[in-house]
> 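Submitted below is the structure of interest, expressed as structure tokens.
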2 protein chains.
Amino acid sequence: MEDYQLCPKFENAFELLGKRWTGLIVHVLLTGPKRFKDISVLIPSMSDRMLSERFKELEAAEIIVRHVYPETPVRIEYELTAKGKGLKPVMDELQKWADSH
Amino acid sequence: MEDYQLCPKFENAFELLGKRWTGLIVHVLLTGPKRFKDISVLIPSMSDRMLSERFKELEAAEIIVRHVYPETPVRIEYELTAKGKGLKPVMDELQKWADSH
DNA sequence: ATAATATACTAACATAAAGTAAGTAATTAA
DNA sequence: TTAATTACTTACTTTATGTTAGTATATTAT
């Protein structure tokens with residue numbers, strides 16, 4: 001009858017990262033702001049439809065911000081927020097793990 | 001025409017962790033070996049079908065081992081391998097992030 | 001002895017998420 | 001004028017996940 005639960009914050013974290021593409025998008029954005037096209041080129045196996053959907057989710061979760069630069073032609077960039085950048089240590093540790101196993 | 005790619009090891013890592021439930025299962029197993037039922041109780045929103053499927057994937061990826069103890073009744077436990085335990089720093093960093101955001 | 005409960009699953013089917021292909025609108029380049 | 005680029009969206013198919021029920025073996029309760 002022990003019913004200790006998982007930490008809900010941790011569960012929320014995995015509702016994001018436990019979705020396909022999300023981690024890779026964040027990883028790429030850790031190298032700096034990027035345009036839609038940049039990411040679709042860097043992750044060619046992901047479709048535009050998915051990228052568009054993930055961007056919306058990450059924006060809603062306040063992990064990225066969408067910047068519109070009213071140049072001609074207009075330029076749109078996606079950038080990590082402080083919260084998004086906070087995932088760097090996670091990604092770094094995962095990279096270490098991936099390298100060593 | 002720049003075509004630097006993502007690290008394939010990193011991509012592989014996210015093929016696992018970028019699936020629903022995988023991260024939570026690993027997280028729970030970091031507290032020690034567990035039986036099927038233990039985990040299904042700790043993660044009640046996950047169905048048995050998914051747990052069964054994830055166990056097979058994690059075993060195939062050599063992140064967990066399945067131990068069969070021929071007692072009566074038989075006891076089956078799932079335990080992290082060294083590779084699986086290696087994910088602890090990743091999970092720890094994610095916990096920190098989850099707590100601070 | 002029979003029924004109920006427990007564990008560790010599997011099978012069948014429904015729904016949700018992701019993949020695929022094509023299209024759109026605004027702009028610029030050839 | 002036609003083609004190309006960017007940042008998407010739409011419609012449709014396939015795959016993943018959810019839901020419910022069931023199986024096999026064993027133990028416990030009545």
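So you know, we letter chains A, B, ... as the sequences are listed, proteins then strands, and number each from 1.
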> If you find the nucleotide of DNA chain C closest to A/P73 and the one closest to B/E77, which residue's nucleotide is nearer the 5' end?
B/E77

> Assuming nearest nucleotide by heavy-atom distance, tell me which of B/W21 and A/R49 is located more 5' along DNA chain D.
A/R49

> Answer yes or no: does a side-chain N or O of B/Y78 lie under 4.0 Å from OP1 or OP2 of C/dC9?
yes

> Under 4.0 angstrom, heavy atoms only, what part of the nucleic acid is B/S40 near: base, sugar-phosphate, or nothing?
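Since no nucleic acid heavy atom lies under 4.0 Å of B/S40, the category is nothing.
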
> Would you indicate, yes or no, if C/dA21 has its OP1 or OP2 atom less than 4.0 angstrom from a side-chain nitrogen or oxygen of A/S47?
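The answer is no; no side-chain N or O of A/S47 sits under 4.0 Å from OP1 or OP2.
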
> Are A/E93 and A/K96 close enough for a salt bridge, meaning some N to O gap below 4.0 Å?
yes

> So that I can tick it off, tell me whether B/E77 and B/R75 are bridged by a salt bridge, with the cut-off set at under 4.0 angstrom between side-chain N and carboxylate O.
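B/E77 and B/R75: salt-bridged.
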
> Is the phosphate of D/dT9 approached by A/K56 (side-chain N or O, under 4.0 Å from OP1 or OP2)?
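It does, given that an N or O in the side chain of A/K56 lies less than 4.0 Å from OP1 or OP2 of D/dT9.
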
> Heavy atoms under 4.0 Å, any strand shown: does A/F55 hit a base, just sugar-phosphate, or nothing?
nothing

> Is there a side-chain polar atom (N or O) of B/R54 under 4.0 Å from OP1 or OP2 of D/dT17?
yes

> Hey, is the side chain of B/K37 poking within less than 4.0 Å of OP1 or OP2 on C/dT7, counting only N and O atoms?
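Answer yes for this pair, as a side-chain N or O of B/K37 is under 4.0 Å from OP1 or OP2.
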
> Please determine whether a side-chain nitrogen or oxygen atom of B/R66 lies at a distance below 4.0 Å from atom OP1 or OP2 of C/dC9.
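So the side chain of B/R66 is within the cut-off, an N or O lying under 4.0 Å from OP1 or OP2 of C/dC9.
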
> Taking only N and O in the side chain of A/R20, is any of them less than 4.0 Å away from OP1 or OP2 of D/dA16?
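Negative; the distance criterion is not met.
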
> So, does B/K34 get its side chain near the phosphate of C/dT7, meaning an N or O under 4.0 Å from OP1 or OP2?
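The answer is no; no side-chain N or O of B/K34 sits under 4.0 Å from OP1 or OP2.
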
> Using a cut-off of strictly less than 4.0 Å, decide whether A/S52 has a side-chain nitrogen or oxygen near OP1 or OP2 of D/dA7.
no

